[in-house]
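Here the structure is a predicted model, which is why all the values come from computation and not from measurement. Each chain gets a letter, A, B and so on, in the order its sequence line appears, and its residues count up from 1.
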2 protein chains.
Amino acid sequence: MENSTHRKKRILDKGMEINKIYHQDCIAFMKEISDNSIDLIFADPPYNLSKSNFKIKFSQMTSKGTDLTTNKGEWDFFTSQEEYKNFSEKWIKQSFRILKNTGSIWVAGTYHNIYLMGFMLNKIGFTLLNEILWHKTDATPNISCSRFVADHENFIWARKGNHHTFNYDEMKKLNGGTQMRSIWPKGKTSGGKKVHPTQKPEWLLERIIIATSNEGEIVFDPFMGSGTTAVVAKKLNRNYLGCEIVPEYFRIATKRLDIVRPKSIQLCIIG
Amino acid sequence: MENSTHRKKRILDKGMEINKIYHQDCIAFMKEISDNSIDLIFADPPYNLSKSNFKIKFSQMTSKGTDLTTNKGEWDFFTSQEEYKNFSEKWIKQSFRILKNTGSIWVAGTYHNIYLMGFMLNKIGFTLLNEILWHKTDATPNISCSRFVADHENFIWARKGNHHTFNYDEMKKLNGGTQMRSIWPKGKTSGGKKVHPTQKPEWLLERIIIATSNEGEIVFDPFMGSGTTAVVAKKLNRNYLGCEIVPEYFRIATKRLDIVRPKSIQLCIIG
DNA sequence: GCAAGGCATGAATCTACAT
DNA sequence: GATGTAGATTCATGCCTTG
């Protein structure tokens with residue numbers, strides 16, 4: 001086993017600090033991260049849902065909140081399916097490289113993009129461990145009445161090497177004494193009002209981080225959004241690292257992180 | 001709209017009868033079906049789960065029942081991931097060709113294969129409509145205690161052209177007056193004791209066939225197994241067509257079909 | 001008839017060791 | 001090392017039997 005000091009040194013090889021978030025494009029950022037240095041990645045990539053050519057302004061999107069359009073903002077525009085595929089392959093390849101051999105990755109999606117995500121994860125060398133479903137009991141009804149109401153979101157959990165972390169007992173305890181299953185009903189903590197259109201609730205990240213990482217390990221989020229992953233990681237005494245390209249979300253994430261205190265104090269930032 | 005006589009004629013172009021099942025390999029069989037002739041396809045393909053090189057005999061498999069191995073039978077063996085990919089591409093391409101422009105397809109799977117299925121459906125030109133999840137409350141616990149209990153199976157619903165059938169009101173009625181959602185809890189009719197290791201319950205096929213086809217249309221299953229799709233289609237007054245490569249399953253399917261009576265009598269077999 | 005208890009069932013996966 | 005394989009391990013649910 002690699003000791004903690006050694007791991008942090010390697011992260012610093014390229015001058016990067018942990019327990020800090022960065023205002024940067026994810027692929028450029030990931031290229032700066034050393035090989036085999038991250039324990040857990042949580043990625044909630046753009047879903048490539050925004051089909052319209054009318055690019056609504058970021059300010060509109062944040063002020064409107066839920067507006068029943070599929071335009072999620074400029075960050076969710078790709079000019080073609082091919083471009084989206086290339087982009088996905090790039091960041092998943094980087095994820096594979098920066099993960100430790102014992103590390104694992106979570107990728108969020110819906111039926112619009114999750115099959116491509118699973119296909120790419122497999123192609124790049126990950127071993128899929130589970131598909132988890134967030135059962136959204138408060139899903140938007142289907143307006144056209146021509147399909148079923150999509151009331152779930154998918155999460156693929158996959159590992160890089162031949163071993164992975166799974167805190168079985170903690171999950172069993174959280175699930176009232178029986179094994180935690182793949183369909184997750186609504187949890188309790190939400191983390192407050194949504195400020196990002198695809199923001200995940202805190203209970204979901206809590207469960208993911210507790211299940212598949214240990215205290216003191218490094219959790220990285222390449223698509224931070226409003227920073228839920230980093231906030232929860234910090235609360236749960238993990239080291240965090242993240243990047244976000246949209247200035248407004250980056251500011252929100254910074255603010256949210258400022259007011260979070262870990263369960264116990266740990267020296268994390270090196271340098 | 002194409003009339004019924006015309007449609008049946010086209011099926012017969014190559015000498016094939018509907019409301020009959022065939023003991024044949026799916027790809028060879030599908031090649032004999034005319035273009036644009038099928039209304040609905042339900043496909044429960046091999047999941048490529050049988051990893052061991054020790055190929056247990058079919059007789060062993062059926063007589064033993066549960067033996068805690070992942071060997072589902074010779075039909076689930078592929079020598080490589082590449083071979084499985086090629087096989088999948090072939091039957092999905094055939095499915096696209098034989099479906100009417102208004103037709104749709106359902107593909108079953110688990111996280112082992114469902115991402116490849118979704119990827120291929122998209123690649124071949126299908127438009128995905130929904131991902132439906134069968135929530136299995138009696139799922140096998142995780143023996144190794146190293147993952148979450150997989151308590152769901154996935155079904156992708158996709159259409160060939162720009163229109164599809166969705167019997168909204170019947171689904172709403174079946175769901176107690178509210179819109180049918182994407183996570184399906186256990187239904188009532190089972191169809192009796194399982195004779196195929198991956199047999200689907202009848203309520204599931206009932207829901208699928210009622211939702212996405214109309215009476216008198218043609219429902220095709222390229223991986224019939226013990227024949228649940230054909231049995232339910234017949235009960236629901238649809239025309240059925242199916243093939244199965246394993247002799248024992250084909251015999252079982254034939255027997256099951258013999259004792260089924262449609263809701264009302266319809267002249268189906270031509271010739 | 002109902003409750004309690006036993007038993008059969010279930011679309012695997014990990015570790016250790018041999019080649 | 002890499003690849004392959006034998007052997008060990010698990011527990012929630014539903015149904016059936018018994019009291």
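Closest-nucleotide positions on DNA chain C for B:D138 and B:N142 were compared, and the one nearer the 5' end corresponds to B:D138. Residues B:A139 and B:S144 both approach DNA chain C. Their nearest nucleotides, taken by heavy-atom distance, put B:A139 toward the 5′ side.
Atoms CG (A:N162) and P (D:dT3) sit 10 Å apart, rounded to a whole Å. In this structure, A:L128 places its CG atom 16 Å from P of C:dA12, rounding to the nearest Å. The CZ atom of B:F148 sits 16 Å away from the P atom of D:dA12 (whole-angstrom rounding). Atom CG of B:D151 is separated from atom C1' of C:dT9 by 16 Å (rounded to the nearest Å). Going from atom CE of A:M171 over to atom P of D:dA12 covers 16 Å, rounded to whole Å. With rounding to whole Å, B:H135 atom NE2 is found 12 Å from D:dA12 atom C1'. As rounded to whole Å, 19 Å separates atom P of D:dA12 from atom NE2 of B:H152. Atom CZ in A:F166 sits roughly 17 Å away from atom P in C:dA12 (whole-Å rounding).
With a 6.0 Å radius and a threshold of 12 heavy atoms from other residues, nucleotides or ligands, B:K85 has its NZ atom above the threshold.
B:Q94 places no side-chain N or O within donor-acceptor distance of the main-chain N or O of B:W91, the cut-off being under 3.5 Å. Without hydrogens or angle criteria, A:R181 side chain to B:P141 main chain gives no donor-acceptor distance under 3.5 Å. Between the side chain of B:Y240 and the backbone N or O of B:I18 there is no donor-acceptor pair closer than 3.5 Å.
Nucleotides C:dA11 and D:dA6 are separated by 24 Å at their P atoms, to the nearest Å. The same atom, C1', is picked in C:dG1 and in D:dC16; the two are 16 Å apart, to the nearest Å.
Taking every side-chain heavy atom of A:K172 into account, D:dC11 is the closest of C:dA11, D:dC11, D:dG14. Considering only the side chain of B:Y47, C:dA11 comes nearest among C:dC14, D:dT13, C:dA11.
A sub-4.0 Å separation between OP1 or OP2 of C:dC14 and a side-chain N or O of B:S146 is present. Between B:K200 and C:dA11, a side-chain N or O to OP1/OP2 separation shorter than 4.0 Å is absent. Remark: B:R147 is not in phosphate contact with C:dA12, judged by side-chain N or O atoms under 4.0 Å from OP1 or OP2. Note on B:T140: every side-chain N or O is 4.0 Å or more away from OP1 and OP2 of D:dC11. Between B:Y111 and C:dA12 there is no side-chain polar atom (N or O) within less than 4.0 angstrom of OP1 or OP2. A sub-4.0 Å separation between OP1 or OP2 of C:dT15 and a side-chain N or O of A:H163 is present.
Contact annotation for A:H164: backbone-only contact, meaning every heavy-atom pair under 4.0 Å involves sugar-phosphate atoms and none involves a base. At the heavy-atom level, A:Y168 lies under 4.0 Å from the strands shown only through sugar-phosphate atoms. Residue-level contact check: B:T110 touches neither bases nor backbone, having no heavy atom under 4.0 Å from any strand. When heavy atoms are screened at a 4.0 angstrom cut-off, B:N154 is found touching no nucleic acid atom at all.
Considering B:F42, B:W157, B:F126 as possible partners of B:W106, the one that fulfils the ring-ring contact (aromatic ring centres under 6.0 Å, His included) test is B:W157.
The base of C:dA11 does not come close enough to the side chain of B:N113 for any donor and acceptor atom to sit less than 3.5 Å apart.
In this structure, B:W134 and B:W203 have perpendicular ring planes: the angle between them is above 60°, well past the 30° mark.
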